[in-house]
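Please read the structure below before turning to the comments.
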Amino acid sequence: MADGSGNDHSAVFSPAGAFARVFDHESPMTPRAEDPLRLWPGLVNSVPEAFRPLLTERAFCESDGTLRATVCFWRETSDIGRRSVAVDLRDEDNGDVDHKPLTRAAVALLNPDRRSDDVHGGVARIGYGCG
């Protein structure tokens, strides 16, 4: 599925399970942020062997063969839940991983249409700190 604005996603359902890749052209994780194109470090490192051929599927790749992806997730038939890659999201200011509590400013940046009070309950349920 493509939204007509440069973003797209695909899902593959097979006997091995389900695999999905998402491409957000405005994400800091876009392969287009580098020249030559380069996937975000670690993005596909733990994709299971059963889904590895999809990482080079022409329908999901740029013309140079780079996977069009900013997010990947999957579920093998034997899994009890969805799996994804844990990637290193670096703070642009200092290069360190940032594990700060979710603040009003962060909520406004992520989704200007949501109030932080609306998301804190859900965030607390998953064990992430709010500030």
Smallest separation among heavy atoms of [X] and [Y], with atom names:
X: F13; Y: A18; answer: CD2-CB, 3.7 Å
X: S46; Y: R52; answer: N-NH2, 4.4 Å
X: H25; Y: S5; answer: CE1-O, 2.8 Å
X: P53; Y: E49; answer: CD-O, 3.6 Å
X: A16; Y: A50; answer: CB-CB, 3.8 Å

Nearest 0.5 Å please: distance from the [atom1] atom of [X] over to the [atom2] atom of [Y].
X: R21; Y: F51; atom1: CZ; atom2: CZ; value: 15.0 Å
X: N7; Y: T70; atom1: CG; atom2: OG1; value: 8.0 Å
X: L37; Y: S63; atom1: CG; atom2: OG; value: 7.5 Å

Within the structure provided, determine whether [X] and [Y] are in side-chain contact (heavy-atom separation under 4.5 Å).
X: R75; Y: F19; result: no
X: C72; Y: V44; result: yes
X: F23; Y: P31; result: yes
X: M29; Y: L43; result: yes

[X] (side chain) donor-acceptor with [Y] (main chain) under 3.5 angstrom:
X: E57; Y: A59; value: yes
X: H9; Y: A2; value: no
X: T30; Y: S27; value: no

Query raised in the report: Who passes side chain to side chain donor-acceptor pair (under 3.5 Å) against E62, sequence neighbours left out?
Result: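 Testing E62 for side chain to side chain donor-acceptor pair (under 3.5 Å), a comparison that skips the adjacent residues, returns R32, R68.
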Query raised in the report: Considering residues at least two apart in sequence or located in another chain, which fulfil the side chain to side chain donor-acceptor pair (under 3.5 Å) criterion with D35?
Result: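 Not a single residue meets the side chain to side chain donor-acceptor pair (under 3.5 Å) criterion with D35.
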Query - Criterion side-chain contact (heavy atoms from CB on, under 4.5 Å) against L39, the qualifying member of N45, L67, L55 - result: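 Among the candidates, only L67 passes.
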Report task. For D24, check salt bridge (charged side-chain N to carboxylate O under 4.0 Å, His left out) against everything at least two apart and list the hits. Result ->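 Partners of D24 under the salt bridge (charged side-chain N to carboxylate O under 4.0 Å, His left out) test: none.
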